[in-house]
Amino acid sequence: MKHSKFMSYFWSYLGQLLLMVVFRTGRWKVKGEENFKKALSSNKPILLCVWHGRFAFPAYWLAKNKIHAYAIASRHGDAGIIARIFKRWGFSLIRGSSSRGNEDKGGGKVINKMIEIFNKPETNIIAVTNDGPKGPPQVAKPGSLAIALKKDVLILTITGTASSYKSFNSWDKFRIPKPFSTIYLNIAPILSNPDEELSTKAEVKYLSEYMNRYQDEVDLWADQDK
């Protein structure tokens with residue numbers, strides 16, 4: 001859906017207000033915070049991998065804890081609205097796609113920008129929606145993992161759910177909590193480096209299985225907690 005600049009601002013402020021209401025009225029339960037602290041204390045760059053349908057959970061958690069990150073914001077569809085929200089939350093934006101190939105006209109620039117950030121001497125976080133911008137859901141696109149492995153970057157995933165939530169009728173089944181629900185956030189251990197160099201197909205499988213393992217875990221946690 002295309003929006004005028006005015007409407008893009010309007011929907012971004014409305015969306016931000018909605019997210020603030022649902023996340024601020026929720027009761028947070030966070031698992032694995034020590035994994036994130038370990039990554040931050042390593043003085044290495046971090047690639048934060050999230051699924052498109054759950055990105056609101058880690059994004060809000062980073063914002064409320066004032067943890068700076070670079071967010072890769074697609075140029076597709078309603079991404080401009082999301083990008084405006086992220087910018088007001090304190091994220092630095094990289095516009096385009098982290099995937100290989102020509103899926104996004106700015107893809108090559110994004111890859112180069114990621115490498116530039118990873119080469120900096122301080123710890124920096126780049127957050128990627130690995131199945132975005134158009135899916136298929138919960139299948140990682142190739143590219144970001146290969147870059148991270150070459151640059152000795154720490155890779156971890158953060159995902160979440162809620163005891164009561166709204167799931168949108170979109171390709172990613174985008175999910176946000178309902179007001180006054182319990183919010184569950186799962187921060188995974190740092191991904192172990194594979195024992196050998198991976199083909200593109202194996203790279204996709206390796207990262208997807210890791211991310212889905214911890215998404216399944218947080219969903220089960222929420223179900224058992226009811």
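All of these numbers come straight from a predicted model, not from anything done at the bench. For reference, positions follow the sequence shown, starting with 1.
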Q. Are Ile125 and Leu40 close enough, and set up right, to give a side-chain contact (heavy atoms from CB on, under 4.5 Å), and what steps lead you there?
A. CA-CA 9 Å; Ile125 303 167; Leu40 285 178; 4.0 Å; yes
Q: Identify whether Leu47 and Val204 are in the same connected component of the hydrophobic contact network (ILVMFWY, side-chain heavy atoms under 4.5 Å).
A: no
Q) Would you say the side-chain atoms of Asn65 pair up with the backbone N or O of Trp61, donor to acceptor, closer than 3.5 Å? A) yes
Q.
Quick one, Val139 with Asp131, criterion side-chain contact (heavy atoms from CB on, under 4.5 Å). Give me CA distance, side-chain angles, the key distance, then yes/no.
A. CA-CA 6 Å; Val139 178; Asp131 56 347; 5.5 Å; no
Q.
Please evaluate residues Tyr210 and Tyr214 with respect to the criterion ring-ring contact (aromatic ring centres under 6.0 Å, His included), reporting the C-alpha separation (whole Å), side-chain torsions for both, the decisive distance (0.1 Å), and the verdict.
A. CA-CA 7 Å; Tyr210 163 73; Tyr214 291 97; 5.6 Å; yes
Q: Could you tell me the separation between the CZ atom of Arg175 and the NZ atom of Lys173, rounded to the nearest 0.5 Å?
A: 11.0 Å
Q) How many angstroms lie between atom CG of Asn35 and atom CG of Leu191, to the nearest 0.5 angstrom? A) 12.0 Å
Q) If only atom types and distance count, is the side chain of Arg88 paired as donor or acceptor with the main-chain N or O of Gln16 below 3.5 Å? A) no
Q | Within 45° cone and under 6.0 Å: Lys166 NZ/CZ vs Phe168 ring | A | yes
**Q.** Minimal non-hydrogen separation, Ile176 against Ala56, with atom names
**A.** CG2-CB, 4.3 Å
**Q.** Donor-acceptor contact present, side-chain Asn212 to main-chain Gln138, <3.5 Å
**A.** yes
Q. How many angstroms lie between atom OG of Ser144 and atom CD1 of Ile72, to the nearest 0.5 angstrom?
A. 7.5 Å
Q. Can you check whether Gly160's main-chain N or O pairs, donor with acceptor, with Arg54's side chain at less than 3.5 Å?
A. yes
Q | Gap between atom CD1 of Ile67 and atom CG of Leu48 - 0.5 Å precision | A | 9.5 Å
Q) Do other residues, nucleotides or ligands put more than 12 heavy atoms under 6.0 Å from the NZ atom of Lys64? A) yes
Q. Between CD1 of Ile94 and CD1 of Ile111, what distance do you get to the nearest 0.5 Å?
A. 9.5 Å
Q. Does a side-chain heavy-atom distance below 4.5 Å link Lys44 with Asp152?
A. yes
**Q.** Presence of salt bridge, Glu34 and Lys38, under 4.0 angstrom
**A.** no
Q. Side chains of Pro177 and Thr25: closer than 4.5 Å at any heavy-atom pair?
A. no
Q: Verify the neighbour count for atom CD of Glu197: are there more than 12 heavy atoms of other residues, nucleotides or ligands below 6.0 Å?
A: no
Q: Could you walk me through whether Ile115 and Phe118 pass the side-chain contact (heavy atoms from CB on, under 4.5 Å) test, one step at a time?
A: CA-CA 5 Å; Ile115 293 171; Phe118 286 150; 5.6 Å; no
Q: May I ask you to decide if Gly135's main-chain N or O and Lys141's side chain share a donor-acceptor pair within less than 3.5 Å?
A: yes
**Q.** ILVMFWY network linking Leu19 to Tyr13, side-chain heavy atoms under 4.5 angstrom
**A.** no
Q.
Would the distance check show the side chain of Ser208 and the main-chain N or O of Ala140 forming a donor-acceptor pair, the cut-off being under 3.5 Å?
A. yes
Q: Find out if a path of hydrophobic residues (ILVMFWY) with successive side-chain heavy-atom gaps under 4.5 Å connects Ile85 to Leu93.
A: yes
Q. Which heavy-atom pair separates Cys49 from Leu207 by the least distance, and what is that distance?
A. SG-CD1, 4.2 Å
Q.
Under 4.5 Å between side-chain heavy atoms, counting indirect links through other Ile/Leu/Val/Met/Phe/Trp/Tyr residues: same cluster for Val128 and Trp171 or not?
A. no
(Q) Treating Glu203 as the side-chain partner and Gly143 as the backbone partner, does any N or O pair qualify as donor plus acceptor under 3.5 Å? (A) yes
Q.
Other residues, nucleotides and ligands only: do more than 12 of their heavy atoms fall within 6.0 Å of NZ on Lys120?
A. yes
Q. Side-chain heavy atoms under 4.5 angstrom apart, residues restricted to Ile, Leu, Val, Met, Phe, Trp, Tyr: same cluster for Met20 and Phe180?
A. no
**Q.** Evaluation steps, side-chain contact (heavy atoms from CB on, under 4.5 Å), between Tyr60 and Arg24
**A.** CA-CA 10 Å; Tyr60 189 85; Arg24 286 188 177 183; 3.1 Å; yes
Q: For Arg213 and Glu209, run salt bridge (charged side-chain N to carboxylate O under 4.0 Å, His left out): C-alpha distance rounded to whole Å, both residues' side-chain angles, the deciding distance at 0.1 Å, then the answer.
A: CA-CA 6 Å; Arg213 173 185 173 186; Glu209 287 181 348; over 6 Å; no
**Q.** Parallel, tilted or perpendicular: rings of Phe91 and Trp89 (30°, 60°)
**A.** tilted
Q. Met114 versus Lys151: any side-chain heavy-atom pair under 4.5 Å?
A. no
**Q.** Side-chain (Ser12) to main-chain (Ile81) donor-acceptor, under 3.5 angstrom
**A.** no
Q) Can you find a heavy atom in the side chain of Trp51 that is under 4.5 Å from one in the side chain of Pro58? A) no
Q) Hey, what do you get for CD1 (Ile117) to CD (Glu122), rounding to the nearest 0.5 Å? A) 10.0 Å
Q | Heavy-atom closest pair, residues Ile46 and Val153 | A | C-CG1, 3.8 Å
Q | Heavy atoms from other residues, nucleotides or ligands near OH of Tyr165 exceed 12 (cutoff 6.0 Å) | A | no
Q. Where the side chain of Ser42 meets the backbone of Ala39, is there a donor-acceptor pair that is under 3.5 Å apart?
A. yes
Q: Heavy atoms only: give me the nearest Gly26-Ile183 pair and the separation to one decimal.
A: CA-CD1, 3.9 Å
Q.
Keeping Asp172 on the side-chain end and Phe174 on the backbone end, is there a donor-acceptor pair under 3.5 Å?
A. yes
**Q.** Nearest heavy atoms of Ile187 and Glu33, plus distance in Å
**A.** CD1-CA, 3.9 Å
Q | Phe57 versus Trp28, closest heavy-atom pair with distance | A | O-CH2, 4.1 Å
